[in-house]
Amino acid sequence: MTRDNFGSRFGVLMAVIGSAVGLGNLWKFPYVAGKNGGAAFIILYLGFMVLLCIPLMLSEFVIGRRSQANVVGSFRKLAPGTPWYFTGVIGVAAAFFILSFYGVVGGWTLEYIISSAGIGLNSELIDSEQQFHSFTQSTVRPIIFLVIFMGLTTYIVLAGIKNGIERYSKILMPLLFLMIVILAIRSLTLSGASAGIEFLLNPDFSAIDGNVILDALGQGLFSLSLGMGCMITYSSYFKKNINLSKVTLITISADTLFALIAGIAILPAVFALGFQPDAGPGLVFIILPKVFELMPGGSVFAIIFFIVLAVAALTSAISLLEVVVAYLSEELKLKRKTATWIAAVTISIAGVFCSLSLGSLAGIKIFDNTIFDFFDKFSSNFLMPFGGMLIVLFVGWKMRRADVYDELLNGGTLKIKMFNTLMFLLKFFAPIAIALIFLNKIGLLNFM
Ligand code: PFF
């Protein structure tokens, strides 16, 4: 059987950008950037994008397209008989863990689309904090929405690469862009909006310390779906005429742009209506509903906002599911359909435990964390940086330089001079930088 492929360059871009743009951009970035020194954080973040994320994304693309295989199979093909395939195992595990809790939050976005219809109908202000906690801590309702969200994800992945992932990304991503621009304009035209822009763009270099530097790095990896083979899996479906450097540069620019527009859409509204940005999920699920309530036409904008969140989460979720499906179908020789159902059902069951761990199973702790937090931290702070380090080491030190060169130059644009710089970043800068975040995150390093 021949392997499925992405049909067009536009399709490749939409799918890859769809994977990258997700909850990481829309709720995490605006808050993390604001808290950690605004523009100072953004400058750092951009620096890491160039010095670390470009080499890492190119490495994943080189591995994937050269091997034309899933994340475990790709290392088996390129380095047969060596333990390098373990890098792929880390990737599959990371995809499993991330999608388990990501699916729960994806479900919340669906619930919020529905509840947004009621915004402004009551004369009394809602207690959005109480509402958020009582919803997420309840047993049945979040699980119903988790199952719906995972059902949509499964439906798209079942249809395959060209007819599923590519087809829906081509529709959903332009829609997403349009909606977020509408929200940003609405937000910027509220009186008092400038405080939010100042908050986001005012560089406060004194806020930068070792932890902030490493946070910027971690945020970059998660936001670009790097370090766990997602981009290896997607690029294994690229045709030979795809210019890997171009896809890398466009994806990284688009992901960063989305993060910045999300900041511009969210923070001015928060400030204009007299709120302070709050940590993590609270900003989006607690503060924003209050903001929408005070805004003229708030219900419509709330619905658009939560559709944006849901779509962004969905196009990321399909890329996570595809990592596991490609692995199961190719390595365990299962039919793609069977592999998809096995992956989706087991991940959803893990998701049910994540969801319950916010309420009735809150007492179960893994290394002092709820199941939800453990899945989140274990994948983002441990598996992804570790996987990312192995990937750059593999391309920098294990693969033949001529093969890397050949794969990258297929598109015919990368200059020789840049290739040497890239190899330097891959061999030295990237592994050392990632080793630092990794050690810091697992608590072995607390400098500055
Ligand atoms: N990049 C996604 C986001 O920013 O929300 C999250 C993600 C998707 C991480 C896919 C990893 C992945 F493989």
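Everything quoted here is computed from the prediction, not taken from an experiment. For ligands, and for the atoms within them, numbers begin at 1 and follow the listed sequence.
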Quiz item: OH of Tyr85: more than 12 outside heavy atoms within 6.0 angstrom?
Solution: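 Atom OH in Tyr85 is not packed in, count stays at 12 or less.
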
Quiz item: How about Phe353: does its CZ atom have over 12 heavy atoms from other parts shown lying under 6.0 Å from it?
Solution: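 No, CZ of Phe353 has 12 or fewer neighbouring heavy atoms, counting only those of other groups under 6.0 Å.
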
Quiz item: ring-ring contact (aromatic ring centres under 6.0 Å, His included) with Trp108: which of Phe132, Tyr102, Phe101?
Solution: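 Answer after filtering Phe132, Tyr102, Phe101: Phe132.
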
Quiz item: Are any of the side-chain nitrogens in Glu330 or Arg76 under 4.0 Å away from the carboxylate oxygens of its partner?
Solution: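 Salt bridge flag = no for Arg76 with Glu330.
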
Quiz prompt | Working for side chain to side chain contact (heavy atoms under 4.5 Å, CB included), residues Leu309 and Phe285 | solution = CA-CA 11 Å; Leu309 264 193; Phe285 293 105; 4.3 Å; yes

Quiz prompt | Sole candidate of Arg3, Arg65, Glu60, Gln68 that passes side-chain hydrogen bond (donor to acceptor under 3.5 Å, both in side chains) when paired with Ser236 | solution =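 Exactly one option meets the side-chain hydrogen bond (donor to acceptor under 3.5 Å, both in side chains) with Ser236, and it is Arg3.
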
Atom pairs and distances, ligand 1 N/O vs protein N/O under 3.5 Å:
unit_1   : atom_1 : unit_2 : atom_2 : d
ligand 1 : 1 (N)  : Ser19  : O      : 3.2
ligand 1 : 1 (N)  : Ala20  : O      : 2.9
ligand 1 : 1 (N)  : Phe222 : O      : 2.8
ligand 1 : 1 (N)  : Ser223 : O      : 3.1
ligand 1 : 1 (N)  : Ser225 : OG     : 3.1
ligand 1 : 4 (O)  : Ala20  : O      : 3.1
ligand 1 : 4 (O)  : Gly24  : N      : 3.4
ligand 1 : 4 (O)  : Asn25  : OD1    : 3.3
ligand 1 : 5 (O)  : Leu23  : N      : 3.0
ligand 1 : 5 (O)  : Gly24  : N      : 2.8
ligand 1 : 5 (O)  : Tyr102 : OH     : 2.5

